[in-house]
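Just so it is clear, the values below take in all heavy atoms, side chains as well, and ignore hydrogens, waters and symmetry mates. Lettering of chains follows the sequences in order, A, B, ..., and the numbering in each one begins at 1.
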Protein chains: 2
Amino acid sequence: MTDTYPDQAFAKHDHRHCIKAALREAARICRERNGRLTEQRQRVLELVWKSHKPVGAYVILEQLRADGFNGAPPTVYRALDFLLEHGLIHRIESLNAYTGCAHPGEQHSGQFLICSHCQRVAELDDLKVKKAIRNSAALHGFKADHQVIEIRGLCPQCQDH
Amino acid sequence: MTDTYPDQAFAKHDHRHCIKAALREAARICRERNGRLTEQRQRVLELVWKSHKPVGAYVILEQLRADGFNGAPPTVYRALDFLLEHGLIHRIESLNAYTGCAHPGEQHSGQFLICSHCQRVAELDDLKVKKAIRNSAALHGFKADHQVIEIRGLCPQCQDH
DNA sequence: CCGGGGTTGTTATACTATAACATAACGAAT
DNA sequence: ATTCGTTATGTTATAGTATAACAACCCCGG
């Protein structure tokens, strides 16, 4: 696999479908691993997916509250931690924000294209990039373990502004 | 140029030399550009370089204070911003910390190997990685502008633990 | 029914960063 | 040397991000 969603990344699509698929996948993965996808965790996952761009923990918190839930930051962070551990979401380091994982379950560290204009993010998993990095690290005797790759720029739709 | 400091990255070396060289380089670059390398900025740059691992803004602040300076966060952040703008330091997104730039002046976005054990960081500028990423982005019609690449793992010295 | 692991509630606090406005230092032009 | 605009710094307050610590709860297996 070089690229999982070659074009879909920034393309228009029915996002409700994504959300549903993500929830279904999450349920499956958690069942497999005996992870408990509780009501809270599911709600947080849904909120992450609902946004078409990465969301901060406190935005999620606000939305939970708007939804009648009266919680505090730790609740949200715990849910996020759980989802991160199980590979259901990613954290975008350069934004302090979280985004749904495009192909959960498989072990992978994401590579992200982040549009500086519309804030949308596409997740890649390019083998060549991964290899180039692994080689480069190996050259220095470095044993790579996890990679944070976040590319800023303009997505196709935003290049004419 | 593929790699600038092939082995030196994690190798032992007289770090005082690095600091001096960095300060000298910084002075030269600022002179060239009419940037003012003030006392404060120089002190901050020195503190960043003095640490062999990335330092947080508040650690720098502490050290400035220990040094008789009675300042507040904005002072430090302003100095850091200046140094970042002029390519004299880098920000490590995944650590919220700052580290001296190994080859200032040249335009480049760093690639970093970050040791999870000793926290030291090596800066690379691997052409193959850069190209792989540029290609990958291009495949998606994405116009890349800046790349954040931070690889976690174990440096040569820390792999036996 | 009991017990124990995992989950959530709750309060407080640490850590990271910036807004906004006042003052001071610098440097080019007169 | 004086003036003036620009850039840099001081200062206070606050926004934004994340975790520590402990109590209460719940689910499920024995």
Novice: Of the nucleotides C:dG9, D:dT9, C:dT7, which has the atom closest to the A:Thr38 side chain?
Specialist: C:dT7
Novice: Less than 6.0 Å separating the ring centroids of A:His15 and A:His17?
Specialist: no
Novice: Hey, is the side chain of A:Arg43 poking within less than 4.0 Å of OP1 or OP2 on C:dT8, counting only N and O atoms?
Specialist: no
Novice: Report the distance from atom CD of B:Gln40 to atom P of C:dA24, rounded to the nearest whole Å.
Specialist: 16 Å
Novice: Taking A:Gln159 for its side chain and B:Gly141 for its backbone only, find out whether a donor-acceptor pair lies under 3.5 Å.
Specialist: yes
Novice: Find the distance B:Tyr77:OH to C:dT16:P and express it as a whole number of Å.
Specialist: 7 Å
Novice: For the pair made of CZ in B:Arg41 and C1' in D:dA8, what is the distance, rounded to whole Å?
Specialist: 6 Å
Novice: Reckon B:Thr75 has a side-chain N or O less than 4.0 Å from the OP1 or OP2 of D:dT9?
Specialist: no
Novice: Could you tell me the separation between the CZ atom of A:Phe82 and the P atom of C:dG5, rounded to a whole number of Å?
Specialist: 19 Å
Novice: Between A:Ile92 (CD1) and D:dA18 (P), how many Å, whole number?
Specialist: 12 Å
Novice: Starting at the 5' end of nucleotides 21-30 of chain D, put B wherever the base has a protein heavy atom under 4.0 Å, S where only the sugar-phosphate does, and a dash everywhere else.
Specialist: B---------
Novice: Expressed as a whole number of angstroms, how long is the span from A:Asp81:CG to D:dT17:P?
Specialist: 16 Å
Novice: Taking for each residue the nucleotide of DNA chain D bearing the nearest heavy atom, is the 5' side occupied by B:Asn70 or by B:Asn96?
Specialist: B:Asn70
Novice: Given B:Gln157 and B:Cys118, is the side-chain contact (heavy atoms from CB on, under 4.5 Å) satisfied, shown in steps?
Specialist: CA-CA 9 Å; B:Gln157 278 81 56; B:Cys118 70; over 6 Å; no
Novice: Give me the residues of residues 46-64 of chain B where at least one heavy atom lies under 4.0 Å from an atom of DNA chain C, by number, or none.
Specialist: B:Tyr58
Novice: Any sub-3.5 Å donor-acceptor pair from B:Glu150's side-chain atoms to B:Glu93's backbone N or O?
Specialist: yes
Novice: Determine the interplanar angle of the B:Tyr98 and B:Tyr77 rings, folded into 0 to 90°, and report it as parallel if under 30°, tilted if 30 to 60°, perpendicular if over 60°.
Specialist: perpendicular
Novice: Could you give the CZ-to-C1' distance, from B:Arg65 to D:dG10, as a whole number of Å?
Specialist: 12 Å
Novice: Do NZ/NE/NH1/NH2 and the carboxylate oxygens of A:Glu62 and A:Arg65 come within less than 4.0 Å?
Specialist: no
Novice: Nearest whole Å is fine: how far is D:dT17 P from B:Leu95 CG?
Specialist: 18 Å
Novice: Is B:Leu95 isolated, or which residues cluster with it under the ILVMFWY side-chain rule of less than 4.5 Å, directly or via members?
Specialist: B:Ile92, B:Phe112, B:Ile114, B:Val121
Novice: Please check this pair: side chain of B:Asp126 against backbone of B:Lys128, looking for a donor-acceptor N/O pair closer than 3.5 Å.
Specialist: yes
Novice: Between the main-chain N or O of A:Ala102 and the side-chain N or O of A:Glu123, is there a donor-acceptor pair closer than 3.5 Å?
Specialist: yes
